[in-house]
Amino acid sequence: MIAPLVPVAHGSRDPRSAVTVRGLVERVRDQAPGAEVYESFLDLSEPRVTDVLRRLYDQGHRSAVVVPLLLGSAFHARVDLPALVAEVQADCPGFDVRVSDVLGVDPVLEEVALDRLAGAGLGSGSGLVVSAVGSSNAGANAAVADLAARWETRLGIPVTEAFASAAQPDVPSAVQRLRSRGVERIAVASWFLAPGLLPDRIAALAREADPGVYLAEPLGTDPRVAAAVLRRYEAAQNRVPAP
């Protein structure tokens, strides 16, 4: 039996986030006809990943693959999700639940994010802020900073990262950093999967700093994101289980 695929998003009090996640999961189903695919959330939205996994076990499944819909490998990926999976497995003997790598800084997702900037008119005098959630995990923040550095080389304009919480620079600091380099027009790229409270915070701060700022949309339900989810699923399914 092919293991069910359980994409798990963080969850949000903003209903737009869950709507976007469900739309993305529907794209995954479209690309994997016949596969069992069940959206889930770590917190704040329903259904919770633990409830989905327990239901699959009760239905007779003895394996599942969880794919974290996370763009960074920080606390939720390293601590929260493994603890929840371990809790389920403790109560469900013989249940092989494999957790894939996060979506992370995938080159295909970078292309999606760059495509969202198509209307920004980036050129001479422009600067770009790559906005992301921010983390207490230095490695997760460094991955976004590396992304910004790559885009600066690729686009030939000043690019800097900015974080919505837990890390610096914040949006005002990032905009000031670009202004100090002679930037006149600001665009903000979204390193977020879905709309929600934190992207809204980014947008509000960016508009305060520059009323004419160009704000790109999150990655959302792009088919390339769905394909990345399936690649993570296939890689986890093909791993040899630990003895």
Side chain proximity check, Glu87 to Leu84, heavy atoms < 4.5 angstrom: yes

What pairs meet the ring pair (Phe, Tyr, Trp, His ring centres under 6.0 Å) rule with one or both residues in residues 97-151, with sequence neighbours excluded? none

Taking the side chain as C-beta and beyond, is there a heavy-atom pair between Leu193 and Pro218 under 4.5 Å? no

Between Val67 and Val28, does a side chain to side chain contact (heavy atoms under 4.5 Å, CB included) hold up when you go through it step by step? CA-CA 12 Å; Val67 177; Val28 173; over 6 Å; no

Would Leu71 end up clustered with Leu81 when hydrophobic side chains under 4.5 Å apart are linked, directly or stepwise? no

Identify each donor-acceptor pair in which a side-chain atom of residues 142-150 lies under 3.5 Å from a protein atom, sequence neighbours left out, and give them as a table.
residue: Arg150; atom: NH2; partner: Glu110; partner atom: OE2; Å: 2.6

Examine distances only and state if a side-chain atom of Ser73 and a backbone atom of Arg78 form a donor-acceptor pair shorter than 3.5 Å. no

Tell me if a side-chain donor or acceptor on Tyr233 pairs with a main-chain N or O of Ala3 at a distance below 3.5 Å. yes

Leu117 versus Ala216, closest heavy-atom pair with distance: CD2-CB, 3.8 Å

With side-chain hydrogen bond (donor to acceptor under 3.5 Å, both in side chains) as the criterion, how do Tyr38 and Glu36 come out once you've worked through the C-alpha distance, each side chain's angles and the decisive distance to 0.1 Å? CA-CA 7 Å; Tyr38 304 92; Glu36 295 187 67; 2.5 Å; yes

Separation between CG (Leu42) and NE2 (His10), nearest 0.5 Å, reads 6.5 Å

Gap between atom CD of Gln176 and atom CG of Asp170 - 0.5 Å precision: 11.5 Å

Assess Arg48 against Phe41: is NZ or CZ under 6.0 Å from the centre of the six-membered ring, and within 45 degrees of the ring's axis? no

Measure the shortest side-chain to side-chain distance between Asp106 and Arg231 over non-hydrogen atoms and say whether it is less than 4.5 angstrom. yes

Mind jotting down which residue pairs meet the side chain to side chain donor-acceptor pair (under 3.5 Å) criterion with at least one end in residues 188-212? Sequence neighbours excluded, please. Arg16-Asp200, Arg179-Asp210

Near Glu217 CD, under 6.0 Å, is it more than 12 heavy atoms from other residues, nucleotides or ligands? no

Each residue besides Val102 in its hydrophobic cluster should be listed here, by chain and number; the cluster joins Ile, Leu, Val, Met, Phe, Trp and Tyr at side-chain heavy-atom distances under 4.5 Å. Leu70

Just by distance, do the side chain of Ser17 and the backbone of Asp14 share a donor-acceptor pair under 3.5 Å? no

Counting distance only, does the side-chain N/O of Gln59 pair as donor-acceptor with the main-chain N or O of His61 below 3.5 Å? no

Heavy atoms of Ala174 and Pro169 approach each other most closely as N-CB, 4.1 Å

Transitively linked via ILVMFWY side-chain contacts under 4.5 Å: Leu155 with Val175? no

Summary of side chain to side chain donor-acceptor pair (under 3.5 Å) pairs that have at least one residue in residues 120-144, sequence neighbours excluded: Ser126-Arg185

For the student: nearest non-hydrogen atoms of Ala189 and Leu128, plus distance: N-CD1, 3.7 Å

Please check if Leu114 and Leu178 belong to a single hydrophobic cluster, counting links between Ile, Leu, Val, Met, Phe, Trp and Tyr side chain heavy atoms closer than 4.5 Å. no

Flag, side chain of Asp51 to backbone of Pro47, donor-acceptor distance under 3.5 Å: no

Between CZ of Arg177 and OG1 of Thr160, what distance do you get to the nearest 0.5 Å? 3.5 Å

Is the shortest side-chain heavy-atom distance between Val97 and Ser63 below 4.5 Å? no

Can you name the salt bridge (Lys or Arg N to Asp or Glu O under 4.0 Å) partners of Asp222, sequence neighbours left out? Arg116, Arg224

Of all the heavy-atom pairs spanning Ala120 and Tyr214, show the shortest one and how long it is. CB-CD2, 3.5 Å

Please assess Glu161 against Val129 for the test side chain to side chain contact (heavy atoms under 4.5 Å, CB included), listing each intermediate value before the final yes or no. CA-CA 5 Å; Glu161 70 278 11; Val129 176; over 6 Å; no

Check against side chain to side chain contact (heavy atoms under 4.5 Å, CB included), Arg62 and Asp96: CA-CA 6 Å; Arg62 292 300 177 263; Asp96 177 18; over 6 Å; no

So do Val130 and Val188 actually touch side chain to side chain, heavy atoms under 4.5 Å? no

Checking Leu56 against Val6 for the side chain to side chain contact (heavy atoms under 4.5 Å, CB included) test, could you report, in this order, the C-alpha distance in whole Å, the side-chain angles of both residues, the deciding distance, and whether it holds? CA-CA 10 Å; Leu56 290 173; Val6 183; 3.8 Å; yes

Minimum-distance pair of heavy atoms, taken over all atoms of Leu24 and Leu69: CD2-CD1, 4.3 Å

In one Ile/Leu/Val/Met/Phe/Trp/Tyr side-chain cluster, 4.5 Å: Leu215, Leu219: no

Could you report the tightest heavy-atom contact between Gln237 and Arg98, atom names first, then the distance? O-NH1, 3.1 Å

Distance-only, no hydrogens or angles: does the Glu152 side chain make a donor-acceptor pair with backbone N or O of Val159 under 3.5 Å? yes

Hey, is the main chain of Ser12 close enough, under 3.5 Å, to the side chain of Ser45 for a donor-acceptor pair? yes

Check whether any side-chain heavy atom of Ile202 lies under 4.5 Å from a side-chain heavy atom of Phe163, and answer yes or no. no

Taking C-beta and beyond as the side chain, do Pro4 and Val37 meet within less than 4.5 Å on heavy atoms? no

Is there a path of hydrophobic side-chain contacts, each under 4.5 Å between heavy atoms of I/L/V/M/F/W/Y residues, joining Val65 to Val99? no

With a 4.5 Å limit on heavy-atom distance, are the side chains of Arg27 and Val225 in contact? no

